[in-house]
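Read through the structure below, which is laid out as structure tokens, and then see the notes.
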Amino acid sequence: MIDQGLTLMLVGMGTVFVFLTILIVATSAMSEIVRRMTPAPIDRDPTADEVAAITAAIAQHRRQRT
Amino acid sequence: MIDQGLTLMLVGMGTVFVFLTILIVATSAMSEIVRRMTPAPIDRDPTADEVAAITAAIAQHRRQRT
Amino acid sequence: MIDQGLTLMLVGMGTVFVFLTILIVATSAMSEIVRRMTPAPIDRDPTADEVAAITAAIAQHRRQRT
Amino acid sequence: MEALQQIWQGSGLYQVTGDQIVMLGVCLGLLYLGIVRQFEPLLLIPIGFGGLLSNIPGAEIATGDGLLHLAYVVGIETGAFPLVIFMGVGALTDFGPLLANPRTLFLGAAAQFGIFATLLGALGLTELGLMNFSVREAAAIGIIGGADGPTAIYVAGQLAPDLLGAIAVAAYSYMALVPLIQPPIMKALTTEAERRTQMVQLREVAKAERILFPLLLILLVAMLLPSAAPLIGMLAFGNLMRECGVVERLSDTTQNALINIVTIFLGLAVGSKLQAEEFLVPSTLGILILGMIAFAIGTASGVLMGKLLNRLSSQPINPLIGAAGVSAVPMAARVVNKVGLDANPQNILLMHAMGPNVAGVIGSAVAAGIMIMFTS
Amino acid sequence: MEALQQIWQGSGLYQVTGDQIVMLGVCLGLLYLGIVRQFEPLLLIPIGFGGLLSNIPGAEIATGDGLLHLAYVVGIETGAFPLVIFMGVGALTDFGPLLANPRTLFLGAAAQFGIFATLLGALGLTELGLMNFSVREAAAIGIIGGADGPTAIYVAGQLAPDLLGAIAVAAYSYMALVPLIQPPIMKALTTEAERRTQMVQLREVAKAERILFPLLLILLVAMLLPSAAPLIGMLAFGNLMRECGVVERLSDTTQNALINIVTIFLGLAVGSKLQAEEFLVPSTLGILILGMIAFAIGTASGVLMGKLLNRLSSQPINPLIGAAGVSAVPMAARVVNKVGLDANPQNILLMHAMGPNVAGVIGSAVAAGIMIMFTS
Amino acid sequence: MEALQQIWQGSGLYQVTGDQIVMLGVCLGLLYLGIVRQFEPLLLIPIGFGGLLSNIPGAEIATGDGLLHLAYVVGIETGAFPLVIFMGVGALTDFGPLLANPRTLFLGAAAQFGIFATLLGALGLTELGLMNFSVREAAAIGIIGGADGPTAIYVAGQLAPDLLGAIAVAAYSYMALVPLIQPPIMKALTTEAERRTQMVQLREVAKAERILFPLLLILLVAMLLPSAAPLIGMLAFGNLMRECGVVERLSDTTQNALINIVTIFLGLAVGSKLQAEEFLVPSTLGILILGMIAFAIGTASGVLMGKLLNRLSSQPINPLIGAAGVSAVPMAARVVNKVGLDANPQNILLMHAMGPNVAGVIGSAVAAGIMIMFTS
Ligand code: NA
Ligand code: NA
Ligand code: NA
């Protein structure tokens, strides 16, 4: 029975690792494909840098108008 | 079997029409009875005409008070 | 059958009363124990008297500051 | 032509019996009471509509594989629906007023006298040859006097399934009629001075008391009267979820989606017992009369016990609150409040009446346990 | 080594059949239609995912004690799930536009011609030796033309359980395709002038009318066509809870938690009928084609009846609203509105189309009752 | 007199056994842990109360036609309740952190070592003659190490129904004890410097990735390990409803009313397995000890795999997040966050730990599939 348990442990952990490794590969590939097909994510928040740049641009625009 | 289908079609469409015709008659009668028994619907919104009339009345009332 | 009914009535009402009497005793004991173990209830609303006292204290404090 | 004949012979007009027409009328009457008079609409509307569907000739909704019959088999024969409703009642019940004044449990006890008196009455009618009720049936009829719908349905489902339709209809109808049935009895048994009695404000109840009470209740039932454990157990479980404060999502669902879903199917399943051939029998009339008597006796015993408690107690007790001991939560407590206000406009009895009101729920579940133990 | 072999022989890669791969693709396609194209997502997503699970080789989710098979046995074989959904539909349906203009029931009647024509077509294909449908199966296929998912599932569950998967998929897919299927037919059968017809505003409907209508409906069904009573009864019950105004908590739960829970399990259970060996048969193709024809004929009959009513009526009736008579609530009414707006930007037909739209629900439930009566 | 004797012989005081008194105490203890210590209250309160009801002498709530036994037969023997809960877990789970950093799946894999080591331990105890577990029972006990309640109940219901009570109690108790069990192990296996490691912020995850992930997951399971398909399938279905964005009403109901209703009855049904004669056996003690060991080994393997990944990876990985790989969502991730903050107040690991945390759910469902495949 211990033998059966050892086999189950080896095969079991092996299967868990193999399955999750394949899942990692597949998920990474899927994410890569998705990101290539949708080049510019449009609904994310602007980063701090972008906010700064936009703020500066608006300020300059206002200065030019006045 | 086609015969059975034809019968089913004729009788079926006939029944549908007869049933819904009776439903029309019964519904209309029911609505008529309801409307006769409740002469003035009290919980409807006022119509545009009524709103105008009421507004005018209030305005006149205020003028008279001042 | 009437006999059985009479017995059922007597025993039944008796049991209801005995059970609920024991429940009264047990509940009262439980409440007493709970109240002894938690001396000061902290989450109750202030009474009218306390509100009056607090209001007065705040008013006096403000007067002293000005 | 043959097809037209088949339609005609399959139609209700061809198949309907006089009894079914009577029952369709009765069910429309229940719907009228629920919708227009707003008598216990949450139950009378599903029961009434279920009864309507069950009396459609040839539709077989309440028999065989029909949906209403399935609901009956799954939910009432097993006792599951009334027990789940009782869990919901527990989750909706505030035992605070009872904990603030536990003596009101005596009022909830006294009002159960209606149950046992009616049991005796049902057996007496049988002895006289006017009716033919077995002891089990008499016990199930008596429970109508408990003024508690799920308890009545649970007991009837266990002891007298054939009478379940009449018992459920009687129980909910009379619970709805509490504002008509109780006040005359309350006034006849009390003096103007008694009705004017004002009671001292209830003390606050600690959270720990509220949490411990359902546990105390089920442990006492476990030790003294295990046959009441299914009903009281589900009530206590619902109440523990409500009061413990750490499973709000379960408590919310129990008080809303779950109790509503089960109420709908419980009502429809009860309606399946309103089929003409089962309902239009002499015993139904007997049940309706006995149920009314049970209510009246329960109210009277509650009020009389209120008078007794008032004499024995150091603090004043308005005997009217005894009438709330029949349960019929929260209608009976509201009726008490109204009768008290009529006698004395400063006399707010509502919270005081909630104690005996929820005590009545416990009392009739205990009585149900006794009935089940002695007759099965 | 033996263990590795066991894993390999237990794997999907080892066990999968070509048909299962096709069906996995079909189910992913249904999910695509539901998620990306938003075609009836509430049903196509559970059906599609249920189909996916049912075609996993060796998983046995849709057979024996598997969850999806249990859901099928409990909810569809008994008819309970579609009937509960119909109760929810009743609770979600506003019969006001129908009550304001009851003649639109004629449009809901005419559109059922698609059902019976398809029945005939299915029998014709059998006569020609192209297919092999029994009368019961032909009747169940015809109901696809009713454009009403729960009705189609209910009838298929009763008359032709083997075809249930294909019928349900066809019904929901075509209901989703209404915006593509209907406009060309509508335009082909009407003149520009007809499509421009404006209709007078609907009168207000009293609360009492709304409450009495479901009762009238079930009583007429009881008298004339009891075999339609389960479907129409649950529809009427749901609608009565909605309109009576005194059981809001039951109505809310019916419109939300209850219909949502049942929709999920109905969809998964239907998905269990998408197993390759049952679904990938010639009859499925026949059903898909016949279903499409049923839709087209139903739309056409509705529009033609609209034209007839317009001639006979004193007040103008836009014949486009006849297309909404197939039901597919509320999609068909929206399509009518859109086609009407295309012809005349002042022409708001939405509320006028809701009348025949809900009439179509009643009409196809009546047709379902006729089918069940004549073939079982 | 005879009646009084009947009451006395029917009472709990007369019938109760010493074992039942012990179990009533154990159940009150579970309620104490749930209510006062707030250890997994959503499960421990229903389980504890269900256990209370099941040990009421003579009440027969957990046997025969009793409500709790019915719930067990309907919901646990069939596997339906844990599968529906898993659907709800899917609808509540955000796989975003996992998608942003898929390598954390390795941590979820490593932590399953606790499962298989415990299986071996259970068989070892049997070999030594200390216990008497079959391979199926040993497998069910091992799953406690998966730290996932519904998975443990599902597997125990399939492989070792007699041990279900002890396994469920162990699983939920240890999940609740995660804040006590894990930190010492985490600290023993990591250096102060490792615990201080800060990780780079997770990238954003696109909606399409979120929608495709559950489909990818179920398709991989279908191809490689169909015996895990029921559990993973329901998880993926719930998650697809959550992420697809077009069936909010189904997703909301799944996350609320549905999972709450099933949680209540799952808990009560598990409680029915706490009857004294089934629970107070030597194997329960063995299960409790083995479960604890399983947790500890799972935590340790996760942390060690975290250290390995940190060495192999170009970007820094704090090995503490490996401890979250046992699942126990979201408790384990919170514990990781707290231990990380103790070492470095700038070190917010919560989102990084959510990746292995949900990976642990997948990992233990995969391990469950392997156990079921090899032992049934
Ligand atoms: Na009562
Ligand atoms: Na239709
Ligand atoms: Na896990």
Side-chain angles (χ1 to χ4, degrees), chain B, chain E residues 95 98-113 115-124 126-127 133-135 138-139 142 203-213 215-217 219-221 223-225 228 301 305 359 362-364 366-367 369-371 373-375:
Chain B
M1 224 154 82
I2 283 284
D3 283 359
Q4 202 180 343
L6 268 172
T7 310
L8 201 45
M9 188 168 89
L10 290 175
V11 176
M13 277 311 284
T15 309
V16 169
F17 265 102
V18 169
F19 180 83
L20 292 185
T21 304
I22 295 174
L23 184 58
I24 292 171
V25 172
T27 303
S28 304
M30 178 272 284
S31 288
E32 194 54 39
I33 293 168
V34 166
R35 278 187 287 174
R36 280 200 198 157
M37 290 178 69
T38 54
I42 46 174
D43 58 355
R44 64 178 174 85
D45 290 338
T47 65
D49 280 3
E50 288 168 341
V51 169
I54 292 164
T55 312
I58 292 171
Q60 189 173 11
H61 176 73
R62 284 188 181 155
R63 271 196 300 275
Q64 289 173 339
R65 275 181 61 197
T66 51
Chain E
F95 282 116
L98 182 68
L99 286 162
N101 192 5
R103 283 168 309 165
T104 55
L105 279 163
F106 280 127
L107 302 170
Q112 309 316 318
F113 187 64
I115 291 179
F116 294 100
T118 307
L119 160 79
L120 205 63
L123 294 176
T126 300
E127 200 83 347
F133 294 124
S134 69
V135 175
R203 73 167 176 89
E204 283 172 51
V205 175
K207 197 183 167 202
E209 291 173 80
R210 293 172 182 276
I211 295 175
L212 289 171
F213 179 72
L215 292 171
L216 190 67
L217 180 60
L219 288 176
L220 278 182
V221 165
M223 287 305 108
L224 300 177
L225 197 64
S301 342
M305 176 56 82
I362 296 173
S364 49
V366 168
I370 295 166
M371 295 295 200
M373 184 180 63
F374 274 103
T375 63

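Computation of the quantities below employed the complete heavy-atom set of this structure, encompassing side-chain atoms and omitting hydrogens, waters and symmetry-equivalent molecules. Convention: sequence-line order gives letters A, B, ...; per-chain numbering from 1. In this text, all values refer to a predicted model and were calculated from it rather than measured experimentally.
- Contact tally against chain B (heavy-atom pairs below 4.5 Å) for Val205(E), Thr375(E), Val221(E), Ile362(E): the top residue is Val221(E).
- The choice from Ala26(B), Ser28(B), Ser31(B) that makes the most heavy-atom pairs within less than 4.5 Å of chain E is Ser31(B).
- Contact count against chain B (heavy-atom pairs under 4.5 Å) is highest for Pro102(E) among Gly121(E), Pro102(E), Ser134(E).
- Inter-residue side-chain proximity for Leu23(B) and Leu20(B) is flagged as met; some heavy-atom pair is nearer than 4.5 Å.
- Heavy atoms of Met30(B) lying under 4.5 Å from chain E belong exclusively to its side chain.
- Per-residue heavy-atom pair counts under 4.5 Å with chain B were compared for Ala110(E), Gly363(E), Gly124(E), and the maximum is reached by Ala110(E).
- Two residues are said to be in side-chain contact when any heavy atoms from C-beta on lie closer than 4.5 Å; Phe374(E) and Thr7(B) fail this criterion.
- More than 12 heavy atoms of other residues, nucleotides or ligands sit less than 6.0 Å from atom CZ of Phe19(B).
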Derivation and outcome, side-chain contact (heavy atoms from CB on, under 4.5 Å), residues Ile370(E) and Val11(B)
CA-CA 9 Å; Ile370(E) 295 166; Val11(B) 176; 5.6 Å; no
Please assess Phe113(E) against Val16(B) for the test side-chain contact (heavy atoms from CB on, under 4.5 Å), listing each intermediate value before the final yes or no.
CA-CA 9 Å; Phe113(E) 187 64; Val16(B) 169; over 6 Å; no
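- Highest contact tally toward chain B, considering only Arg103(E), Gln112(E), Arg203(E), Glu127(E), is held by Arg203(E) [criterion: heavy-atom pairs under 4.5 Å].
- If you measure heavy-atom distances from Leu224(E) to chain B, the contacts under 4.5 Å come from the side chain alone.
- Counting all heavy atoms, side chain and backbone alike, Met13(B) lies closest to Phe116(E) at SD-CD1, 3.4 Å.
- Residue Phe95(E) does not touch chain B at all, counting heavy-atom pairs closer than 4.5 Å.
- Residue Leu119(E) touches chain B through its side chain alone, counting heavy-atom pairs closer than 4.5 Å.
- Neither the backbone nor the side chain of Met373(E) comes within contact range of chain B; no heavy atom of the residue lies under 4.5 Å from a heavy atom of that chain.
- Taking both residues in full, the closest heavy atoms of Met371(E) and Ala139(E) are given as SD-CB, 3.6 Å, listed atom of the first, atom of the second, then distance.
- Residue Ala138(E): no heavy atom, backbone or side chain, is found under 4.5 Å from chain B.
- Between Leu98(E) and Ala359(E), the closest heavy-atom pair is CD1-CB, 3.9 Å.
- Heavy atoms of Met305(E) lying under 4.5 Å from chain B belong exclusively to its side chain.
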